[in-house]
Amino acid sequence: MKNIAIFASGSGSNAENIANYFANSDYAQVSVIVANNPNAYVLERAKKLGIESITVTKSQFMEADTLIAELKERNIDFIVLAGFLLLVPQKYIDAYPGRIVNIHPALLPKHGGKGMYGSHVHESVVAACDTESGITIHLIDGNYDKGTTFFQATCPVLPTDTPDDVAQKVHALEYEHFPHVIEEILHTLDK
């Protein structure tokens with residue numbers, strides 16, 4: 001059984017979707033949810049799902065050694081960033097090489113980088129008059145939104161779309177694709 005840790009900073013709807021996807025799997029499970037915000041709703045979701053959670057401060061996360069030790073103690077095989085807003089320090093990448101994946105709510109390399117998350121991304125897409133947006137699922141390499149792209153899915157952006165309209169389309173893609181892409185990545189690691 002593969003043990004997944006999900007790192008999240010906010011509501012956690014993707015974390016819940018992923019946890020539900022793997023809930024009856026005999027291949028992988030979400031074993032722990034890590035939040036860097038003690039008020040993040042993802043912690044309430046974890047409680048309702050019966051999944052253990054860990055809350056860390058930014059400095060605890062950046063120091064890394066203690067959290068990495070906790071993840072290793074729980075036999076975590078893979079880390080999923082699902083709306084996690086901190087840049088992942090190199091120590092995590094060294095501890096989990098090729099085993100940390102992120103989802104970005106746009107088609108990288110466009111609309112990525114520091115500060116490009118949530119509504120900021122969708123506002124940028126609309127301001128640029130892009131005709132499509134989507135999601136990018138990529139491995140983490142220590143830079144914001146620069147790791148190797150594993151998967152992209154697109155949705156149209158109409159001239160009349162607001163950032164909220166784009167967000168709804170992108171969220172639908174996240175819910176549809178993120179869990180099964182995580183499973184595909186896990187299977188590639190078995191080879």
Side-chain angles (χ1 to χ4, degrees), residues 4-23 28 30 33-49 51 53 58 78-88 100-186:
I4 299 169
I6 297 179
F7 290 14
S9 297
S11 167
S13 60
N14 268 313
E16 182 173 355
N17 187 44
I18 294 162
N20 286 334
Y21 178 86
F22 287 107
V30 175
I33 293 176
V34 177
N36 65 306
N37 173 359
N39 300 314
Y41 190 70
V42 71
L43 296 169
E44 190 62 35
R45 290 183 196 270
K47 193 180 300 179
K48 288 178 183 175
L49 293 164
I51 298 172
S53 63
K58 181 177 180 180
F78 195 72
I79 298 172
V80 174
L81 307 183
F84 191 69
L85 302 183
L86 297 178
L87 183 65
V88 176
I100 305 175
V101 70
N102 181 50
I103 190 165
H104 185 75
L107 299 173
L108 293 175
K110 295 174 78 176
H111 310 291
K114 186 173 174 64
M116 292 303 286
Y117 62 90
S119 61
H120 301 289
V121 175
H122 309 307
E123 290 164 6
S124 178
V125 167
V126 170
C129 298
D130 288 357
T131 57
E132 68 177 5
S133 189
I135 59 170
T136 303
I137 299 170
H138 64 96
L139 296 176
I140 294 300
D141 72 354
N143 298 294
Y144 283 112
D145 304 323
K146 296 285 188 191
T148 303
T149 295
F150 194 87
F151 176 86
Q152 287 186 313
T154 64
C155 60
V157 177
L158 305 175
T160 55
D161 279 349
T162 66
D164 286 341
D165 295 330
V166 176
Q168 286 182 349
K169 294 176 186 182
V170 169
H171 286 311
L173 292 175
E174 290 173 348
Y175 302 151
E176 178 183 354
H177 295 291
F178 202 14
H180 77 80
V181 171
I182 291 166
E183 187 170 26
E184 288 172 27
I185 295 170
L186 285 170

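Counting only heavy atoms from C-beta outward, the side chains of H171 and E174 approach each other to under 4.5 Å. Looking only at side-chain heavy atoms (C-beta outward), N102 and D145 come within less than 4.5 Å of each other. Counting heavy atoms from C-beta outward, L49 and N20 have side chains that approach closer than 4.5 Å. Taking 4.5 Å as the limit, some side-chain heavy atom of F78 sits within range of a side-chain heavy atom of L186. With contacts defined as side-chain heavy-atom distances shorter than 4.5 Å, the pair V170/S133 qualifies.
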Query raised in the report: Going through the checks in order, is the side chain to side chain contact (heavy atoms under 4.5 Å, CB included) test met by F150 and I185?
Result: CA-CA 8 Å; F150 194 87; I185 295 170; 3.2 Å; yes
Query raised in the report: Step by step, would you call L81 with I100 a side chain to side chain contact (heavy atoms under 4.5 Å, CB included)?
Result: CA-CA 7 Å; L81 307 183; I100 305 175; 4.1 Å; yes
Report task. In sequence, state the C-alpha distance, the side-chain angles, and the governing distance for R45 and S11, and then conclude on side-chain hydrogen bond (donor to acceptor under 3.5 Å, both in side chains). Result -> CA-CA 8 Å; R45 290 183 196 270; S11 167; 2.9 Å; yes
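V126 approaches P163 most closely through the heavy-atom pair CG2-N, 3.8 Å. Looking at every heavy atom in both residues, H104 comes nearest to M116 through CE1-O, 3.3 Å. A pairwise comparison of heavy atoms in Y175 and N17 identifies O-ND2, 2.9 Å as the closest pair. Closest approach of A28 and I4 over heavy atoms only: CB-CD1, 4.1 Å. Residues G134 and L173 approach most closely at CA-CD1, 3.8 Å, considering heavy atoms. Summarising the geometry of A19 relative to I51, their closest heavy-atom pair is CB-CD1, 3.6 Å, with the distance given to 0.1 Å.
Atom CD1 of residue I182 and atom CD1 of residue I137 lie 7.0 Å apart, to the nearest 0.5 angstrom. Atom-to-atom distance recorded for I135:CD1 and T154:OG1 is 9.5 Å, nearest 0.5 angstrom. Atom OG1 of T136 is separated from atom NZ of K110 by 11.5 Å, given to the nearest 0.5 angstrom. Note that OG of S9 and CG of N36 are 3.5 Å apart. Values are rounded to the nearest 0.5 Å. Between the CG atom of L87 and the NZ atom of K58 there is a distance of 9.5 Å, given to the nearest 0.5 Å. Note: E123 CD to H111 NE2 = 12.0 Å, rounded to the nearest 0.5 Å.
By the 30° and 60° cut-offs, the orientation of the rings of F151 relative to H177 is tilted. Between H120 and Y117, the angle of the ring planes goes over 60°, which puts this pair in the perpendicular group of the 30/60° scheme.
Between the E183 side chain and the F22 main chain, no donor and acceptor come within less than 3.5 Å of each other.
Applying the ring-ring contact (aromatic ring centres under 6.0 Å, His included) criterion to F84, with sequence neighbours excluded, gives F7, F61. Scanning for salt bridge (charged side-chain N to carboxylate O under 4.0 Å, His left out) contacts around K146 gives an empty result, with sequence neighbours left out. Under the rule for a salt bridge (charged side-chain N to carboxylate O under 4.0 Å, His left out), the partners of D161 that lie at least two apart in sequence or sit in another chain are K169.
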